[in-house]
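These values consider heavy atoms only, across backbone and side chains, with no hydrogens, waters or symmetry-generated copies. Note that ligands are numbered from 1 as they come in the structure, with each ligand's atoms numbered from 1 the same way.
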Amino acid sequence: MQAISKLAPYAADPENSIGRHHNEPIAMLINGMPVRNAFQRDRDRIIHSTAFRRLEYKTQVFVNHEGDLFRTRLTHSLEVAQLARGIARTLNLHEDLTEAIALAHDLGHTPFGHAGQDALNECMKNFGGFEHNLQSLRVVDKLEQRYAEFDGLNLTFELREGILKHCAIKNAKQLGDVGLRFINKTNPSLEAQVTNFADEIAYNNHDVDDGLRSGLITIAQLQQVELFAEQLAIVQSKYPNLEQKRLRHETIRRMINVLVIDLCTQTTKNIAKINPKNIDDIRLAQYLVSFSAEMTAKNLSLKQFLRKNLYQHENVKNMSNQAERIIRELFEKFLGDICLLPEEYKASAKADKARAVADYIAGMTDRFAIREYRRLFNLEGMVNISYR
Ligand code: MG
């Protein structure tokens, strides 16, 4: 457990948490000390959830069956947690909270990555839409069914606030406590802000790695990205004859390092400028976690490169089109006949048919969605998604 004395006064504090929706006794005491603090309990509940295990078989960029070494939502979430904890420790923030937010941040993602989410949002456009951040919150607040006395995981406010990175105002108004900051235009804890940046550092860098490994992008192309080219030059001058795999790794690990150091340095300056006394000062201040202006520009050009050359690569787009078709047709099929839904979704379908169908589809893993598609459309053995 992180020593309380090391925490900054403006860090989130589990002993002063805004709390859970349902009151629960604190964890068992040993020698007067709780066994786990409230944020550690949140983290443990997330790890034991069904939605967390499903992340193993959900696409990040490449569909899960493309190869065993590409990132999945699960390994992505673990990388985000690793980065977020390191940054939180450097900034004297609460590591357990950043870890828990990181592990939960993608729980609401559909199968097939962004293609799946876009398709489901399109299907739901006349029924309130579909946002993956909001769905992650829905998973931990409602959809997990594990406890006798309540739906969901009954997580702390701070954890739920951290999951809800974005939210449309019309949805924020329905959410109560965690929706208020979108209406009042305030900010979340620094732990939530750090986790957002850890997410971005993780995916930009692991997408470079997976992109190179897949052969869809090349080191030669990446020379146009300053952040990559600078670190590549350092590695090549130190190790002139390095084989490709080690060259890639040595370059990417340096990229991550310069991004993290820049983020910690700039954020420390931003915090010092407003000299916050407590977490309320953080919530009322501008967004305080940031890269320097120079690194913001470099990071943006890396993102733009990935969008143009990887996410919009013809082969990835082809894969996305197939994924979108599967999601759309599954949605129409279930909406047309709710008897096809599993029992637990039939009950909620009586209250809101489209939302129950979206919840069911969003919870599917890539391979389960493909299996359901084959079964419902009598296409045994005929559907497989591939970027090749
Ligand atoms: Mg993420």
Quick one: ring-ring contact (aromatic ring centres under 6.0 Å, His included) partners of Phe291, sequence neighbours excluded? Phe197
The Mg ion (ligand 1) - name of the N/O/S atom of Asp199 that sits closest to it: OD1
Starting from the Mg ion (ligand 1), look over the N/O/S atoms of Asp106 and name the nearest one. OD2
Can you find a side-chain donor-acceptor pair between Gln286 and Asn187 that sits under 3.5 Å? no
Check whether any side-chain heavy atom of Leu153 lies under 4.5 Å from a side-chain heavy atom of Tyr147, and answer yes or no. yes
Please calculate the NE2(His105)-the Mg ion (ligand 1)-NE2(His76) angle and round it to 10 degrees. 90°
Does any pair with a residue in residues 216-228 pass salt bridge (Lys or Arg N to Asp or Glu O under 4.0 Å), and if so which ones, sequence neighbours excluded? none
